[in-house]
K.L.:
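After the structure tokens below, expect a handful of questions from me.
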Amino acid sequence: MDWVATGHKRLLELSEMEEFRAQAYENAKLYKERTKSWHDKRIMLRQLEPRQQVLLFNSRLKLLPGKLKFRGSGPFEVAQVYPHGVVNIKDLKMGVTFKVNGQCLKH
């Protein structure tokens, strides 16, 4: 009869582990939801209008020494704003127009 008690004890341990796993999954889900809402509250929407002057942030440009220097170029003029954040900008010096992600632009 020892094996019956051992089997019953093992089943209790497994169900307890399953409860811990379910609770951890739920806690992780709640944490992700809270973190997402916190980040979403702090997103600043950029309302870009045609003929507005902007600066273009270039994340690949690492030549400038120092942390606080702006790694960007410009000024550019907004030519057209498309849905979903795509923006046509015009280089004021050369007159060239090209598309960029609207998140890379600064007013």
Side-chain angles (χ1 to χ4, degrees):
M1 288 295 175
D2 244 0
W3 59 272
V4 174
T6 306
H8 188 65
K9 182 179 176 186
R10 179 70 178 149
L11 282 176
L12 286 175
E13 288 175 356
L14 287 175
S15 66
E16 191 175 307
M17 284 174 44
E18 184 66 26
E19 287 177 26
F20 283 139
R21 187 195 64 78
Q23 189 177 13
Y25 177 78
E26 188 64 30
N27 287 343
K29 186 176 161 187
L30 289 172
Y31 172 76
K32 286 178 186 177
E33 288 173 0
R34 283 191 203 131
T35 306
K36 182 178 177 0
S37 67
W38 186 83
H39 282 287
D40 289 348
K41 283 181 197 173
R42 282 153 181 78
I43 290 177
M44 292 175 54
L45 295 176
R46 293 193 174 111
Q47 298 296 328
L48 297 171
E49 303 293 328
R51 304 192 47 82
Q52 189 176 18
Q53 299 258 331
V54 293
L55 296 172
L56 176 64
F57 177 75
N58 188 357
S59 62
R60 294 184 182 151
L61 184 64
K62 306 276 187 191
L63 301 175
L64 299 173
K67 290 185 201 176
L68 302 176
K69 289 198 177 180
F70 177 68
R71 287 188 219 128
S73 56
F76 296 97
E77 184 177 286
V78 175
Q80 186 176 2
V81 180
Y82 296 101
H84 307 295
V86 178
V87 179
N88 245 0
I89 59 173
K90 180 180 178 183
D91 189 351
L92 296 177
K93 295 173 187 168
M94 291 184 257
V96 180
T97 304
F98 52 96
K99 290 182 182 178
V100 296
N101 184 351
Q103 295 294 317
C104 298
L105 299 174
K106 267 191 164 183
H107 291 288

K.L.:
What are the two closest non-hydrogen atoms of A79 and P50, and how far apart are they?
P.N.:
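What the structure gives for the nearest pair is O-CB, 3.9 Å.
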K.L.:
What residues, two or more places apart in sequence or in another chain, satisfy salt bridge (Lys or Arg N to Asp or Glu O under 4.0 Å) together with E16?
P.N.:
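E16: no salt bridge (Lys or Arg N to Asp or Glu O under 4.0 Å) contacts found.
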K.L.:
With R21, which residues qualify under salt bridge (Lys or Arg N to Asp or Glu O under 4.0 Å), at least two apart?
P.N.:
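R21: salt bridge (Lys or Arg N to Asp or Glu O under 4.0 Å) contacts with E18.
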K.L.:
Apply side-chain contact (heavy atoms from CB on, under 4.5 Å) to E19 and list each qualifying residue two or more places apart in sequence or on a separate chain.
P.N.:
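None.
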K.L.:
Name each donor-acceptor pair under 3.5 Å that joins a side chain in residues 88-98 to protein atoms two or more places apart or in another chain, with its distance.
P.N.:
residue	atom	partner	partner atom	Å
N88	ND2	Y82	OH	3.4
D91	OD1	K93	N	3.1

K.L.:
Please round to the nearest 0.5 Å and tell me the distance separating atom CG of L105 and atom CG of L55.
P.N.:
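Going from CG on L105 over to CG on L55, the span is 9.0 Å.
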K.L.:
Can you list everything that forms a side-chain contact (heavy atoms from CB on, under 4.5 Å) with Q52? Sequence neighbours excluded, please.
P.N.:
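For Q52, the residues satisfying side-chain contact (heavy atoms from CB on, under 4.5 Å) (neighbours in sequence not counted) are L48, E49, V78, H107.
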K.L.:
Under 3.5 Å, side-chain donor or acceptor atoms of residues 29-36 against the rest of the protein: list the pairs with distances, not counting sequence neighbours.
P.N.:
residue	atom	partner	partner atom	Å
T35	OG1	Y31	O	2.8
K36	NZ	D40	OD2	2.8

